[in-house]
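Note that the coordinates shown come from a computational prediction; the quantities given were computed from them, not determined experimentally. Both backbone and side-chain heavy atoms feed into the values below; hydrogens, waters and symmetry mates do not. Chain naming here is simple, since letters A, B, ... match the order of the sequence lines and numbering starts at 1 in each.
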Amino acid sequence: MPMKIVSWNVNSLNVRQSQVLDYLESHHPAVLGLQELKQTDEAVKREAFIQAGWHLVTQGQKTYNGVALISKSAPENVVRGIPNNEDDPQARAIAASYGDLRVLNLYVPNGKAVGDEKYHYKLGWLEKLQAYVARLLQEYPKLVVIGDFNIAPADIDVHDPKAWQDKILCSAPERQALQALFDLGLTDAFRARHPERQQFSWWDYRMGGLRRNLGLRIDLTLISPALQLIDADIDMAPREQERPSDHAPAWVEIQ
DNA sequence: ATGGCCCTAGATTAGGGA
């Protein structure tokens with residue numbers, strides 16, 4: 001039975017909640033991972049999701065970050081944050097099981113600029129993530145890692161590779177950290193399905209970024225070898241509607 | 001022309017995002 005797993009950075013769940021509910025109604029994914037809730041767990045308005053028949057678990061935070069998993073079946077063994085990184089106050093990771101499928105949903109740090117203090121935080125966070133994913137793969141052969149990775153995997157994923165060369169989201173250390181996840185056995189589902197296609201998942205609000213297709217592909221769905229890839233793509237429609245997030249949902253269908 | 005837009009907190013602007 002194929003299952004659709006979706007990742008969507010909503011840039012404020014408060015503003016985008018009705019869009020999320022519309023998306024669930026029209027696409028009925030098995031699991032939808034959200035990033036940048038910008039809400040505490042207490043502030044999340046859960047009733048509408050529950051009334052529509054969805055389960056919702058969150059790792060919220062005031063003003064910044066925040067991640068959620070929304071699902072049709074009840075999540076089991078929910079883990080918030082990255083184990084062994086529990087002093088980190090930033091809400092950037094949540095994992096849960098749905099049957100024998102494990103889903104890890106991430107909001108990878110942005111990093112601000114190469115060399116910045118936040119850049120070093122990003123690289124350190126990615127190292128801890130790699131160790132965590134390695135352990136997860138041993139425990140859960142059927143693993144999907146989704147999220148806003150804030151890394152464009154390759155130049156084809158960048159509208160202007162020369163302008164972005166060695167810049168934040170495209171630097172070699174960031175791409176190497178992503179490659180380390182691939183080396184564990186994870187596959188970038190969109191790129192596996194569409195080896196030559198340039199398709200972005202984020203466009204700057206400024207400069208008519210969407211109209212001119214000045215974007216990046218930084219929202220990824222990674223799958224483990226025990227899963228069969230059916231299809232993967234990026235949904236443009238939510239990015240094109242009124243008052244959108246600056247990210248579009250990235251999805252993978254597996255069985 | 002190195003900013004443009006959007007979000008939050010909570011102020012009459014600043015910080016963060018990518």
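Distance check, rounded to the nearest 0.5 Å: CD of Glu36(A) to CZ of Arg92(A) gives 8.0 Å.
Among the protein residues, Lys118(A) comes within range of the sugar-phosphate backbone only, with heavy atoms under 4.0 Å from sugar or phosphate atoms but none that close to a base. If you check every strand for non-hydrogen atoms under 4.0 Å, Tyr107(A) touches sugar and phosphate atoms only. Among the atoms of the strands shown, none is found under 4.0 Å from any heavy atom of Asp219(A). Asn65(A) comes within 4.0 angstrom of nothing in the nucleic acid, heavy atoms only. In this structure, Ile168(A) reaches neither bases nor backbone, as no heavy-atom distance under 4.0 Å exists between it and the strands shown.
Each of Leu229(A) and Phe182(A) belongs to its own hydrophobic cluster when Ile, Leu, Val, Met, Phe, Trp and Tyr are linked at side-chain heavy-atom distances under 4.5 angstrom.
Rounded to whole Å, the C1' atom of dG10(B) lies 13 Å from the corresponding atom of dG15(B). Between the C1' atoms of dA1(B) and dA11(B), the separation comes to 29 Å (whole Å). Distance check on atom P: dT12(B) versus dC6(B) gives 24 Å, rounded to whole Å. Comparing the C1' positions of dT2(B) and dA18(B) gives an interatomic distance of 15 Å, to the nearest angstrom. Taking atom P on both dT8(B) and dG3(B), the two are 23 Å apart, rounded to the nearest angstrom.
If you take CG of Asn110(A) and P of dG16(B), they are 11 Å apart, rounded to a whole angstrom. The nearest whole Å value for the distance from the CG atom in Asp116(A) to the P atom in dA18(B) is 14 Å. As rounded to whole Å, 12 Å separates atom P of dG16(B) from atom CZ of Arg92(A). The distance between atom CG of Asp148(A) and atom P of dG17(B), rounded to the nearest whole Å, is 11 Å. Here the P atom of nucleotide dG16(B) and the CG atom of Asp246(A) are 17 Å apart, to the nearest Å. Rounded to whole Å, atom C1' of dA18(B) lies 15 Å from atom CG of Asp160(A). The CD-C1' distance, from Glu117(A) to dG17(B), rounds to 17 Å in whole Å. If you measure from atom CZ of Phe200(A) to atom P of dA18(B), you get 17 Å, rounded to the nearest angstrom.
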statement: Protein-proximity profile, nucleotides 3-14 of chain B, B/S/- by nucleotide at the 4.0 Å heavy-atom cutoff, equals -BBSSSS-----
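Contact annotation: His247(A) side-chain N/O to dG17(B) OP1/OP2 distance is not under 4.0 Å.
Considering only heavy atoms from C-beta on, Ile146(A) stays 4.5 Å or farther from Val6(A) through its side chain.
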- request: Might you work through the side chain to side chain contact (heavy atoms under 4.5 Å, CB included) test for Arg243(A) and Val15(A), ending with a clear yes or no?
  value: CA-CA 9 Å; Arg243(A) 206 177 181 190; Val15(A) 172; 3.7 Å; yes
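No donor-acceptor contact under 3.5 angstrom links the side chains of Asn85(A) and Tyr132(A), judged on distance only.
A pairwise comparison of heavy atoms in Arg16(A) and Val10(A) identifies NE-O, 2.9 Å as the closest pair.
Aromatic ring orientation, Trp164(A) versus Trp202(A): perpendicular (interplanar angle above 60°, classes split at 30° and 60°). Ring orientation note: the planes of Trp203(A) and Phe200(A) are nearly perpendicular, at an angle over 60° on the 30°/60° scale.
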